[in-house]
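Read through the structure below, which is laid out as structure tokens, and then see the notes.
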Amino acid sequence: MTAFLTIEDYRLDIPTFDGDLKVLDGITLSLEKGETLGIVGESGCGKTVLARSILGIGPARGKRMSGRMVFDSIELDELDESEWRRIRGVKISMIFQDPMTYLNPLFTIGRQLADVVVAHGRAKAERTPSRDEQRRRCDALLEQVQIRDSARVFDSYPHQLSGGMRQRVLIAMALAGEPQLLIADEPTTALDVTIQAQILELLRDLVSRLGLTVVMISHDVGAIAAIARRVAVMYAGVVVEQGRTEDILTRPRHPYTQGLLAALPEIEGERHVLEAIPGTIPNLIHPPSGCRFHPRCPRATDICSVEKPVARSIGADHVVACHHALA
Ligand SMILES: Nc1ncnc2c1ncn2[C@@H]1O[C@H](COP(=O)(O)OP(=O)(O)OP(=O)(O)O)[C@@H](O)[C@H]1O
Ligand SMILES: [Mg+2]
């Protein structure tokens, strides 16, 4: 099957006063149509920067050093801003990490949702829908995210809704352009546990009903396990391991993945004896030479500080970048 989204050796630097942050160091990922890929990794490892780069809204001064991104045969790096307007929110859409930042406190939900509906219509060169039509589309979107009292929600201001309802509204907005690829950046992190489960259930339902292709980012491995067929594990701007979710969770081959899972109390089944990974993620202006994980790695040897490990296939749909991958 041909990939729907391909990311190849993508390298991104962000210049700062102290030097360039080497934020993404050769990311290679691919996604088939209708598939859900989870991306996990510690805070600061570059998940959001990667997600935003797929949407052409990477950091303002970010410099692509190498690589490409191809979505549905479109070379994303070659699009200009007017071409992006026909892709962003329309073909590729994103649910952002911080819901409150993306809702305007001064306008009702209905007004904001209608604005999105109108803007997407414009991007698709449709005529502006009438007020009634706008309302019908908004109601349909709210229904799609299982908001039953859409009349109340429509007339509410963001602060009048619970966190879970706000997240549903943001998902509705992300769906307004009928995207094919949805990027969900920590869609449940800001919510409490029972609401998290409901939002995950909603996302799962949307994936199967709308045939969406999804990139779901989270540092909650449990959430990823509940929704993603495949998982990529990121460490300091590198995908260290990727494969089918059950393989990654039950038979991790990269010492980092193993440490990440061992640090989680809620993963059931076989548990490997390994204390939480000591240390913190490295400074990305002067990242460690060779394997970026080597200063924290229990298996590191001389080669690890010298040579960057090449991602290699170690089984059906299982890739690991480590000189000493676990057996
Ligand atoms: N606009 C920016 N300017 C400078 N540095 C940035 C910018 N955006 C991100 N960074 C840096 O890039 C690195 C990756 O950040 P990113 O937000 O992608 O991490 P993350 O994996 O999403 O973390 P979290 O789990 O906390 O959301 C961090 O070191 C961060 O400080
Ligand atoms: Mg983030």
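Since this is a predicted model, take the numbers as computed values, not measurements. Start at 1 and go down the list; that is how both ligands and their atoms are numbered.
- At a heavy-atom distance under 4.0 Å, no atom of Met234 approaches ligand 1.
- Proximity of Ile14 to ligand 1, defined as any heavy-atom pair under 4.0 Å, is confined to the side chain (atoms from C-beta onward).
- Side chain of Ser305 to backbone of Ser289: no donor-acceptor contact under 3.5 angstrom is found.
- A salt bridge links Asp9 with Arg11: the closest approach of a Lys/Arg side-chain nitrogen to an acidic carboxylate oxygen falls below 4.0 angstrom.
- Looking at Thr16 next to ligand 1, no N or O pair under 3.5 Å apart turns up.
- At the top of the distance list for atom 25 (O) of ligand 1, counting protein heavy atoms only, stands Lys47 NZ, 2.8 Å.
- Nearest protein heavy-atom neighbour of atom 17 (O) of ligand 1: Thr48 CB, 3.7 Å.
- More than 12 non-hydrogen atoms from other residues, nucleotides or ligands lie less than 6.0 angstrom from NZ of Lys308.
- Close contacts between ligand 1 and His219 involve ligand atoms 25 (O) [criterion: under 4.0 Å to a heavy atom].
- Note: an N/O pair closer than 3.5 Å links Gly46 and ligand 1 by distance alone.
- At the shortest separation from atom 27 (O) of ligand 1 among protein heavy atoms lies Gln97 NE2, 2.8 Å.
- Here the heavy atom of the protein found nearest to atom 1 (N) of ligand 1 is Pro59 CB, 3.7 Å.
- The neighbour count for Glu246 CD, taken as heavy atoms of other residues, nucleotides or ligands under 6.0 Å away, is above 12.
- The side-chain tip of Arg292 does not point at the ring of Tyr235 from less than 6.0 angstrom away and within 45° of straight on.
- Taking each of Gly58, Ala51, Cys45, Ser43 in turn, the one with a heavy atom nearest to atom 26 (O) of ligand 1 proves to be Ser43.
- Annotation for Glu83: atom CD counts as buried by contact number, over 12 foreign heavy atoms lying within 6.0 Å.
- For the pair Arg168 (side chain) and Val145 (backbone), a donor-acceptor distance under 3.5 Å is present.
- There is a protein heavy atom less than 4.0 angstrom from atom 7 (C) of ligand 1.
- With a 4.0 Å heavy-atom cut-off, ligand 1 is reached by the backbone of Val49 and by its side chain too.
- The set of protein atoms (N, O or S) found at less than 2.8 Å from the Mg ion (ligand 2) reads Thr48 OG1, Gln97 OE1, by chain and number.
- Counted by atom type alone, Asp80 and Ser82 present one or more donor-acceptor pairs between their side chains at under 3.5 Å.
- Counting protein heavy atoms under 4.0 angstrom from atom 31 (O) of ligand 1 gives zero.
- Under 4.0 Å is where a charged nitrogen must lie from a carboxylate oxygen, and between Asp317 and Arg230 at least one such pair does.
- Within the 4.0 Å heavy-atom criterion, the part of Leu21 lying near ligand 1 is the side chain and not the backbone.
- Evaluation of the side-chain contact (heavy atoms from CB on, under 4.5 Å) rule for Arg152 yields Asp149, Ser156, Leu161, Met165 as partners, not counting sequence neighbours.
- Ligand 1 has Gly44 within reach: a non-hydrogen atom of the residue lies less than 4.0 Å from it.
- In this structure, the side chain of Arg68 does not engage the main chain of Glu8 through any donor-acceptor pair within 3.5 Å.
- Between Arg136 and Glu133, none of the side-chain N atoms (NZ, or NE/NH1/NH2) sits under 4.0 Å from a carboxylate O, so this pair counts as no salt bridge.
- The main-chain N or O of Ile285 is found under 3.5 Å from a side-chain atom of Lys22 such that the two form a donor-acceptor pair.
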